[in-house]
Undergrad: 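What follows is a single structure, and I will ask about it in a moment.
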Amino acid sequence: ELAAAVVAWLEVQHWDVYQEVQHRQGPVIDIVAVRGMVVWAIEVKRALNLTVLAQAERHMTHMRSVAVPPARRASPERKLCERVARHFLRTGILEIIGDAHGRDIRVAVPAPFLRHSHDAAQLLRQELRPEHKTHAKAGAAGGGFWTPYKQTMVQVRGIVADAGEAGISLSEIMRQVVSGLGQDSGR
């Protein structure tokens with residue numbers, strides 16, 4: 001529910017939004033937003049703490065943020081997290097305001113542009129697939145993220161279905177999957 005508000009907010013601003021993205025067998029990123037060449041990683045959590053900030057800090061993208069509900073009161077811990085995010089980790093903080101009937105996003109700490117992460121951000125951008133937009137919703141538990149294995153299994157199912165009642169050998173399936181990889185790499 002919290003992530004859906006962030007996704008909607010990004011889409012209104014014309015970002016392409018990908019959800020539950022695993023980058024190079026690393027941790028799953030809740031939301032990856034792309035606009036032009038800019039890549040923004042956003043972790044959506046129920047609370048702001050140093051663990052969440054450390055998770056976001058690992059993402060080598062042009063911008064990175066955490067999206068959390070606002071604090072009920074301005075605690076010293078919250079203020080510390082905001083200072084650490086801004087000055088040490090160079091990570092933005094988005095606050096998800098409102099209730100289940102209507103939410104908005106407030107930028108509590110703007111995400112700075114991390115020019116030094118350009119090459120890594122472009123590698124992530126190349127790994128994004130259309131399935132990342134629809135396969136799993138950000139914040140979904142249980143490993144529902146899109147993987148190269150799932151992509152391969154979709155290809156195998158399609159090859160077997162195309163073969164129909166005549167059937168197909170495993171070696172022919174492998175040949176078609178491998179030849180399909182060369183066509184897929186241009187995305």
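All residue numbers in this chain count up from 1 along the given sequence.
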Undergrad: When rounded to the nearest 0.5 angstrom, what is the spacing between CG in Asp16 and CG in Leu128?
TA: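 Asp16 atom CG to Leu128 atom CG measures 9.5 Å (nearest 0.5 Å).
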Undergrad: Quick one: CZ on Arg90 to CD on Glu57, what's the gap to the nearest 0.5 Å?
TA: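 The CD atom of Glu57 is 11.0 Å from CZ of Arg90, to the nearest 0.5 Å.
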Undergrad: For Glu43, run the side chain to side chain donor-acceptor pair (under 3.5 Å) check against Arg64, Arg58, His59 and tell me which one passes.
TA: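 With Glu43 as partner, Arg64, Arg58, His59 yield a single side chain to side chain donor-acceptor pair (under 3.5 Å), made by His59.
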Undergrad: Hydrophobic cluster membership, with links at side-chain heavy-atom distances under 4.5 Å among I/L/V/M/F/W/Y: are Leu89 and Leu114 in one?
TA: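 They do not share one cluster, since no chain of ILVMFWY contacts under 4.5 Å joins Leu89 to Leu114.
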Undergrad: Between Val7 and Gln19, is there a side-chain heavy-atom distance shorter than 4.5 Å?
TA: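 Yes, at least one pair of side-chain atoms sits under 4.5 Å.
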Undergrad: For residues Arg115 and His62, determine if any side-chain heavy atom of one lies less than 4.5 Å from a side-chain heavy atom of the other.
TA: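 Counting from C-beta outward, Arg115 and His62 never come under 4.5 Å.
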Undergrad: Is it true that Glu127 and Arg125 make a salt bridge, defined as a side-chain N closer than 4.0 Å to a carboxylate O?
TA: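 Judged by the 4.0 Å cut-off on N to carboxylate O distance, Glu127 and Arg125 do not form a salt bridge.
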Undergrad: Which pair of heavy atoms, one from Glu95 and one from Ala71, lies closest together, and at what distance?
TA: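 In this case the closest contact between Glu95 and Ala71 is OE2-N, 4.4 Å.
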Undergrad: Kindly indicate whether the side chain of Val21, heavy atoms from C-beta on, has any atom under 4.5 Å from the side chain of Val28.
TA: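 A side-chain contact under 4.5 Å is absent here.
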Undergrad: Can you tell me how far the CD1 atom of Ile31 sits from the CG atom of Leu10, to the nearest 0.5 Å?
TA: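 So the gap between those two atoms works out to 6.0 Å.
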Undergrad: Taking the side chain as every heavy atom from C-beta outward, state whether Leu124 and Val32 have any atom pair closer than 4.5 Å.
TA: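 Leu124 reaches Val32 side chain to side chain.
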Undergrad: Do Val84 and Val68 sit in one hydrophobic cluster, given that two such residues count as connected whenever their side-chain heavy atoms are within less than 4.5 Å of each other, even indirectly?
TA: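 Val84 and Val68: one cluster.
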Undergrad: Are the charged groups of Glu82 and Arg78 less than 4.0 angstrom apart, N to O?
TA: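 Judged by the 4.0 Å cut-off on N to carboxylate O distance, Glu82 and Arg78 do form a salt bridge.
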Undergrad: Indicate the atoms forming the closest heavy-atom contact of Ser65 with Ala111, along with that distance.
TA: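 Ser65 and Ala111 have their closest heavy atoms at OG-CB, 3.4 Å.
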Undergrad: Is Ser169 reaching over with its side chain to a backbone N or O of Glu172, donor-acceptor style, under 3.5 angstrom?
TA: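 Yes.
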Undergrad: Between Ile93 and Leu48, is a side-chain contact (heavy atoms from CB on, under 4.5 Å) present by the stated rule, with each step listed?
TA: CA-CA 9 Å; Ile93 299 175; Leu48 180 62; 3.7 Å; yes
Undergrad: Kindly indicate whether the side chain of Val66, heavy atoms from C-beta on, has any atom under 4.5 Å from the side chain of Leu53.
TA: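 When only atoms from C-beta onward are counted, Leu53 and Val66 do touch, with a gap below 4.5 Å.
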Undergrad: Measure the CD-NE2 distance between Gln122 and His118 for me, rounded to the nearest 0.5 Å.
TA: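 The NE2 atom of His118 is 4.0 Å from CD of Gln122, to the nearest 0.5 Å.
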Undergrad: Evaluate the side-chain proximity of Val6 to Ile42: yes if any heavy-atom separation is below 4.5 Å, no if none is.
TA: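 Yes, side chains in contact.
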Undergrad: If two hydrophobic side chains count as joined below 4.5 Å and joins carry through other members, does Val107 share a cluster with Val52?
TA: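 Hydrophobic grouping puts Val107 apart from Val52.
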Undergrad: Once you measure the plane-to-plane angle for Trp9 and Trp40, does it fall in the parallel (<30°), tilted (30-60°) or perpendicular (>60°) bin?
TA: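 Judged by the thresholds at 30° and 60°, the geometry between Trp9 and Trp40 is perpendicular.
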Undergrad: Could you walk me through whether Tyr18 and Ile29 pass side-chain contact (heavy atoms from CB on, under 4.5 Å), step by step?
TA: CA-CA 9 Å; Tyr18 302 84; Ile29 305 169; over 6 Å; no
Undergrad: Work out which heavy atom in Arg35 is nearest to a heavy atom in Gln13; give both atom names and the distance.
TA: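 Shortest heavy-atom contact: NH1-O, 2.6 Å.
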Undergrad: Verify the cluster assignment for Phe88 and Val109: are they in a single hydrophobic cluster under the rule of side-chain heavy atoms below 4.5 Å apart?
TA: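 Shared cluster, yes.
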Undergrad: What is the minimum heavy-atom distance between Pro110 and Arg86, and which atoms define it?
TA: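 Closest approach of Pro110 to Arg86, heavy atoms only: CD-NH1, 4.0 Å.
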Undergrad: Honestly curious: do Phe113 and Leu123 fall in one hydrophobic cluster under the side-chain, below-4.5 Å linking rule?
TA: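 No, because Phe113 and Leu123 fall into different hydrophobic clusters, even though each may have its own neighbours under 4.5 Å.
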Undergrad: Rounded to the nearest 0.5 Å, how far does CZ of Arg175 lie from CG of Leu170?
TA: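 With rounding to 0.5 Å, CG (Leu170) is 13.0 Å from CZ (Arg175).
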Undergrad: Determine whether Thr91 and Met63 satisfy the following criterion, side-chain contact (heavy atoms from CB on, under 4.5 Å), listing intermediate values before the conclusion.
TA: CA-CA 7 Å; Thr91 300; Met63 300 183 327; over 6 Å; no
Undergrad: Apply side-chain contact (heavy atoms from CB on, under 4.5 Å) to Ile97 and Arg103, showing your working.
TA: CA-CA 5 Å; Ile97 317 167; Arg103 297 192 183 272; over 6 Å; no
Undergrad: Does the side chain of Lys45 reach to within under 4.5 Å of the side chain of Asp30, using non-hydrogen atoms?
TA: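 The answer is yes, as the side chains (C-beta and beyond) meet within the 4.5 Å cut-off.
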Undergrad: Kindly give the heavy-atom pair with the smallest separation between Val39 and Thr61, and that separation in Å.
TA: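 It is O-CB, 3.4 Å.
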Undergrad: What I'd like to find out is whether the side chain of Leu2 reaches to under 4.5 Å of the side chain of Arg46, using heavy atoms alone.
TA: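 With C-beta onward as the side chain, the pair touches.
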